[in-house]
Amino acid sequence: MKNITRFEATQLLQRLIGQDLRKLADERNITVFKNGKFNKGWAGLTLEKVLGIGNNCIQASNGDFWELKLVPLVKKNGIWKVKETMAITMINPDDVLEKPFEKSHLCDKMKKMIICGRERLNDKESSSKLLYVNSFDLLTTNFWKQIKEDYELVQQTIKMEGFDALTGSMGRYIQPRTKGLGHGSNTRAFYARVPFVETILGIREVE
DNA sequence: CTATGATCATCC
DNA sequence: GGATGATCATAG
C-alpha cells in the first residue's frame, strides 16, 4: 500500500474534478449494483482506489494522518446542497466514556480531513461527477468548542442513561445515530449534520 | 463480529 | 421535505 500525503492527495483529487466517478468505478471494478442491491459506499471506495490508499485513513511517511470523506450533492434552486449527513466514526461506549474529546477517535478524524462532494443525479447513479474537493482541519477553526460539547453530551448520556438512550436528535453539529449492519444491530456512529457538512465542504458561509 | 465506505427508508 | 432510524457491500 502506497503512502501519500494529504497535500498530494488533494492535488490529485482536484485534478479529478469534473470527471465521472461512475466510469472510474467501472474501470476499477468497484461494485455499484449487485443482484439488484446497491453498494452505498461505491463512490468513496472509488476515490480511495484512485488514490491508491487503503479502505480508511492512512498514515503517510511523515506521520500525517488524514481522513477522506465524500458526500452526495443535489442541485436546488441552482445551488448545490448536501443531500445527506456524513457518518464519521463508530461510537464505542467504553472508549467514549474514558476518553476526553481531545483524545477521542472523533477528534482524531476531524483534525485533518479531505472532504469531497459529488453529483448525485438519480437512483441509478447513471453519472456522478466529482464537484468539490476541500480540506478541513477542525482545530484551526472555531467549531471544536461546540463539537466538544456535542461529544460530551454523548459521553454524559451514556454515563447517566446508557448507550441505548442516545438518539439522533442530540448534538448541534455532531449527532449520535444508529449505524451498522441493521437487522437488529444497535450500534451507533457520530454523524455530521448537513449544515455543518456544507460549511466544511466550502459551499456555505460560516454562520 | 467490528469497522470501513456511506445512503436508503420511514416517520413526523 | 427534513430529521432520525435502518440498512447495503466489503475487509479483516
Side-chain angles (χ1 to χ4, degrees), chain A residues 1 9 13 21-22 24-26 28-59 65-77 79-96 104-106 108-110 113-128 130-133 150 153-154 157 163-198 200-201 204:
Chain A
M1 198 163 298
L13 288 169
L21 298 178
R22 264 316 293 276
L24 294 175
D26 288 344
R28 287 160 202 278
N29 299 311
I30 303 284
T31 302
V32 178
F33 291 100
K34 181 179 177 183
N35 304 133
K37 299 290 182 75
F38 183 50
N39 179 3
K40 299 176 182 178
W42 75 268
L45 296 171
T46 300
L47 241 37
E48 292 182 335
K49 201 143 187 178
V50 169
L51 292 180
I53 63 180
N55 63 347
N56 68 70
C57 68
I58 57 101
Q59 182 179 25
F65 281 97
W66 51 275
E67 175 82 7
L68 177 64
K69 290 292 180 192
L70 177 66
V71 291
L73 265 38
V74 289
K75 207 163 205 172
K76 212 177 214 177
N77 298 125
I79 55 173
W80 291 103
K81 305 290 285 183
V82 168
K83 177 173 178 291
E84 300 277 352
T85 49
M86 184 178 80
I88 301 175
T89 189
M90 297 301 292
I91 298 176
N92 176 325
D94 297 329
D95 191 67
V96 169
S104 67
H105 202 179
L106 174 66
D108 269 354
K109 291 211 173 192
M110 297 192 74
M113 40 192 286
I114 297 179
I115 176 167
C116 306
R118 71 178 181 89
E119 169 189 35
R120 159 53 213 244
L121 266 188
N122 50 44
D123 291 346
K124 294 190 167 29
E125 298 281 11
S126 41
S127 153
S128 180
L130 182 61
L131 260 23
Y132 291 93
V133 174
D150 291 344
L153 173 62
V154 171
T157 303
F163 185 67
D164 292 334
L166 294 175
T167 126
S169 63
M170 299 162 53
R172 176 165 173 205
Y173 291 139
I174 303 295
Q175 60 176 174
R177 192 149 122 246
T178 60
K179 177 190 197 295
L181 294 178
H183 310 289
S185 72
N186 73 328
T187 46
R188 289 176 166 76
F190 287 110
Y191 287 78
R193 291 184 180 276
V194 168
F196 181 59
V197 176
E198 293 181 338
I200 64 183
L201 221 203
R204 155 196 266 255

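Proteins come first, then strands; the chains are lettered A, B, ... in the order of their sequence lines, and each starts at number 1. Note that the coordinates shown come from a computational prediction; the quantities given were computed from them, not determined experimentally.
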query: Pick one: which of A:Glu84, A:Lys83, A:Lys75 meets side chain to side chain contact (heavy atoms under 4.5 Å, CB included) with A:Arg120?
result: A:Lys83
Closest-nucleotide 5' rank along DNA chain C - winner of A:Thr85 and A:Gly180: A:Thr85
- prompt: Looking across every strand, which nucleic acid part, if any, lies under 4.0 Å from A:Gly182 by heavy atom: base, sugar-phosphate, or nothing?
  reply: base
message: How bent is the helix from B:dC1-C:dG12 to B:dC12-C:dG1, measuring the angle between the end axes built from five pairs each, rounded to 10°?
response: 30°
message: I'd like to know whether A:Leu73 forms a side chain to side chain contact (heavy atoms under 4.5 Å, CB included) with A:Val82, so could you lay out the CA-CA distance, the side-chain angles of the two residues, the decisive distance to 0.1 Å, and finally the verdict.
response: CA-CA 5 Å; A:Leu73 265 38; A:Val82 168; 3.9 Å; yes
task: Using a 4.0 Å heavy-atom cut-off across all strands, classify A:Lys179 as base, sugar-phosphate, or nothing.
output: base
- request: Just do the side chain to side chain contact (heavy atoms under 4.5 Å, CB included) check on A:Trp42 and A:Arg22 with the steps written out, would you?
  value: CA-CA 9 Å; A:Trp42 75 268; A:Arg22 264 316 293 276; 3.5 Å; yes
task: Would you indicate whether the side-chain heavy atoms of A:Met86 and A:Ile200 approach each other to under 4.5 Å?
output: yes
message: For a 4.5 angstrom cut-off between non-hydrogen side-chain atoms, does A:Phe190 reach A:Asp150?
response: no
- line: Winner on side-chain proximity to A:Glu67, out of B:dT7, B:dG5, C:dA3, is B:dG5
Sugar-phosphate, base or nothing in reach of A:Ser185, heavy atoms under 4.0 Å: nothing
- prompt: Heavy atoms under 4.0 Å, any strand shown: does A:Gly41 hit a base, just sugar-phosphate, or nothing?
  reply: base
query: Going by an N to O cut-off under 4.0 Å, is there a salt bridge joining A:Glu48 and A:Arg28?
result: no
- request: Please work out if A:Leu70 contacts a base, only the sugar-phosphate, or nothing of the nucleic acid, heavy-atom cut-off 4.0 Å.
  value: sugar-phosphate
- prompt: Quick one: is A:Gln175 getting a side-chain N or O under 4.0 Å of the C:dT4 phosphate, OP1 or OP2?
  reply: yes
task: Please state whether the phosphate of B:dT4, meaning OP1 or OP2, lies under 4.0 angstrom from any side-chain nitrogen or oxygen of A:Lys109.
output: yes
statement: Result for 5'-nearest mapping on DNA chain B, choosing between A:His105 and A:Lys40, is A:His105
Scan nucleotides 9-12 of chain B against the protein and return all N/O pairs shorter than 3.5 Å with their distances rounded to 0.1 Å.
none

message: Using a 4.0 Å heavy-atom cut-off, does A:Thr167 contact any base of the nucleic acid, only the sugar-phosphate backbone, or nothing at all?
response: sugar-phosphate
field: Nearest heavy-atom neighbours spanning A:Ser185 and A:Leu181
entry: OG-N, 3.4 Å
- request: Just call it for A:Arg188: base, sugar-phosphate, or nothing, with non-hydrogen atoms closer than 4.0 Å on any strand.
  value: nothing
- request: Side chain of A:Thr31 only, please: which of C:dT4, B:dG5, C:dA9 is the nearest?
  value: C:dA9
field: side-chain N/O A:Arg118 vs B:dG5 OP1/OP2, d < 4.0 Å
entry: no
- request: Indicate, with a heavy-atom threshold strictly under 4.0 Å, whether A:Lys76 touches base, sugar-phosphate, or nothing.
  value: sugar-phosphate
- prompt: From the list B:dA3, C:dT7, B:dA6, which nucleotide is the closest neighbour of the side chain of A:Leu181?
  reply: B:dA3
field: Counterpart residues, side-chain contact (heavy atoms from CB on, under 4.5 Å), relative to A:Asn29 (two or more places apart)
entry: none
- prompt: Just checking A:Tyr191: base, sugar-phosphate only, or nothing, at a heavy-atom cut-off of under 4.0 Å?
  reply: base
- request: Side chain of A:Lys37 only, please: which of C:dT4, B:dA6, C:dC8 is the nearest?
  value: C:dC8
query: Does A:Arg193 have a side-chain nitrogen or oxygen under 4.0 Å from the phosphate oxygens OP1 or OP2 of C:dG2?
result: no
